[in-house]
2 protein chains.
Amino acid sequence: MVKGADTAAIYSDLQDKLINGFFGAGEKLKPGALQGTYGCSANTIRDVLLRLSAVGLVSFELQRGFRTKPSSQAIRSDVTRFRIMLEQEGAARSMVHGGVAWEAQLTAAHHKLVHIETRIARESGAPGDDKALWSAAEYDFHRTLISACDSPILLESFESIYLQFRQQMFALERDFGGDYFRAIIAEHQAILDVALGRDETACRAAIHDHLKRNL
Amino acid sequence: MVKGADTAAIYSDLQDKLINGFFGAGEKLKPGALQGTYGCSANTIRDVLLRLSAVGLVSFELQRGFRTKPSSQAIRSDVTRFRIMLEQEGAARSMVHGGVAWEAQLTAAHHKLVHIETRIARESGAPGDDKALWSAAEYDFHRTLISACDSPILLESFESIYLQFRQQMFALERDFGGDYFRAIIAEHQAILDVALGRDETACRAAIHDHLKRNL
DNA sequence: AAAGAAAAAAATTTCGAAATTATCTGGATT
DNA sequence: AATCCAGATAATTTCGAAATTTTTTTCTTT
């Protein structure tokens with residue numbers, strides 16, 4: 001992160017750091033300290049942190065400033081449960097509203113994802129340098145799954161919850177192992193199959209099965 | 001709204017104005033103009049608007065500032081649908097997790113609500129001065145209905161969606177009429193009954209019935 | 001040793017000006 | 001008449017200092 005960066009880069013870097021565990025859970029985020037890191041005014045950091053609080057990655061309390069979100073098994077379960085609900089609903093509506101274009105996009109997103117996951121599973125089970133690639137592809141698959149739901153507010157909520165989900169899962173994902181990736185490869189495939197088959201009940205079950213390890 | 005007010009009061013006043021249609025849908029909110037209204041710095045208004053964007057009452061776009069949310073039948077349906085989903089899920093989980101205290105609180109909240117609604121229905125069907133009282137009691141009832149869901153993230157999402165729902169419904173609620181209030185008195189009663197009876201399926205249906213006019 | 005109060009230090013918030021970007025207006029060109 | 005461009009204007013963003021609030025430290029009392 002280069003000093004003197006513009007605020008878009010600062011936002012992006014802080015978002016990455018918030019998701020990837022650079023700060024501890026519940027840690028105080030002081031604009032006065034971060035201004036040194038980023039080479040800008042503390043008030044600019046405040047702006048960025050307020051925007052990050054809008055997507056749920058930061059807790060803000062008037063007069064007491066900013067903290068990273070707390071983390072616990074209960075919170076992970078809560079976020080997971082909420083994500084399941086959103087994704088099930090979004091997928092169900094997408095199966096109703098989505099046409100061939102949606103199927104094509106979902107198939108393409110899945111293709112990319114399974115390609116990365118297969119490589120990771122074969123090599124060592126630890127994504128290493130592929131973490132960002134895998135993370136982006138995983139998000140893309142799930143976001144595309146619900147993309148035809150015709151509900152802007154659901155999509156917006158999902159995007160924010162997905163970030164929070166990744167943030168909460170960071171520590172748990174450190175030790176993946178090949179078995180983990182082989183399992184989720186199968187789970188992603190199952191989701192794709194039932195979604196393309198437009199079987200709502202099975203799709204809801206597949207999404208739940210995919211995420212239940214985090215409940 | 002008195003000049004020189006502190007930022008909590010500014011936040012509250014702007015929130016009221018955003019919900020109650022003081023600004024037009026999609027209207028530009030200029031900190032430079034609002035600083036005059038509130039007797040503070042434009043940067044303070046920016047802070048407040050960023051915080052209001054976190055709860056979904058304001059749209060923010062980098063470099064292009066703030067606008068009130070657009071409004072349309074499609075958006076109203078979307079917000080309503082999302083609210084139904086949250087409330088059904090929240091109520092279902094509350095019926096599982098909630099004990100006697102939850103029942104008592106829900107009964108009390110309903111009692112207050114039906115009292116206000118009965119008076120409004122009897123008088124004219126137009127809440128007039130009672131609008132704020134009714135609005136608060138209506139929120140209290142629905143929020144209490146889901147309060148035992150044991151999901152902080154669902155509650156937080158509901159609170160924000162409820163505000164957005166009120167904002168979107170503002171114009172439609174101007175001409176209530178006595179029939180409207182008699183109908184929703186019955187609907188609130190139905191929700192209370194099935195919730196206390198812990199009948200999930202009926203409760204989901206009652207919530208949907210209560211809100212379906214806005215779909 | 002524990003509790004409370006006061007002072008000091010640190011952090012947050014607000015301010016208003018400067019820097020930067022977006023939007024609007026008028027004129028030129030096709 | 002429609003489109004494009006340059007300049008002016010308006011608005012947004014960033015800055016860093018001042019004002020305000022919170023937290024920490026130190027001292028006193030029980």
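If you're wondering where the values come from, they're calculated on a predicted model, not measured in any experiment. Letters go in sequence order (proteins before strands), and every chain restarts at 1.
- For E89(A), the side chain to side chain donor-acceptor pair (under 3.5 Å) partners two or more places apart in sequence, or in a different chain, are R204(A).
- Among residues two or more places apart in sequence or in another chain, the side chain to side chain donor-acceptor pair (under 3.5 Å) test is passed with S41(A) by none.
- Applying the ring-ring contact (aromatic ring centres under 6.0 Å, His included) rule to pairs touching residues 41-90 of chain B yields F60(B)-F66(B), sequence neighbours excluded.
- Taking S72(A) as the reference, A74(A), I75(A) meet the side chain to side chain contact (heavy atoms under 4.5 Å, CB included) condition, with sequence neighbours excluded.
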Between protein and nucleotides 15-17 of chain C, what N or O pairs are separated by less than 3.5 Å?
residue: dC15(C); atom: OP2; partner: S41(B); partner atom: N; Å: 2.8
residue: dC15(C); atom: OP2; partner: T44(B); partner atom: OG1; Å: 2.5
residue: dC15(C); atom: N4; partner: N43(B); partner atom: ND2; Å: 3.3
residue: dG16(C); atom: N7; partner: S41(B); partner atom: OG; Å: 3.3

What does the list of N/O pairs under 3.5 Å between the protein and nucleotides 7-11 of chain D look like, with a distance for each?
residue: dA11(D); atom: OP1; partner: K30(B); partner atom: NZ; Å: 2.2

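- Remark: A137(B) engages L113(B), I116(B) in a side chain to side chain contact (heavy atoms under 4.5 Å, CB included) (not counting sequence neighbours).
- Of the residues in residues 47-63 of chain B, those with a non-hydrogen atom less than 4.0 angstrom from any atom of DNA chain C are D47(B), Q63(B).
- Taking the six-membered ring for Trp, H188(A) and H210(A) have ring centres closer than 6.0 Å.
- For the side chain to side chain donor-acceptor pair (under 3.5 Å) test, residues two or more places apart in sequence or in another chain that qualify with S77(A) are Q73(A).
- Every residue two or more places apart in sequence or in another chain was checked for a side chain to side chain donor-acceptor pair (under 3.5 Å) with Q167(B), and none qualifies.
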Please report, to 0.1 Å, the donor-acceptor pairs under 3.5 Å made by any side chain of residues 153-163 of chain A, with sequence neighbours excluded.
residue: E159(A); atom: OE2; partner: R143(A); partner atom: NE; Å: 2.8
residue: E159(A); atom: OE2; partner: R143(A); partner atom: NH2; Å: 3.0
residue: S160(A); atom: OG; partner: V55(A); partner atom: O; Å: 2.9
residue: S160(A); atom: OG; partner: Q164(A); partner atom: NE2; Å: 3.2
residue: Y162(A); atom: OH; partner: E138(A); partner atom: OE1; Å: 2.5
residue: Y162(A); atom: OH; partner: Y139(A); partner atom: N; Å: 3.3
residue: Y162(A); atom: OH; partner: R166(A); partner atom: NE; Å: 3.2

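- With sequence neighbours left out, R198(A) forms a side chain to side chain contact (heavy atoms under 4.5 Å, CB included) with M95(A), W102(A), E103(A).
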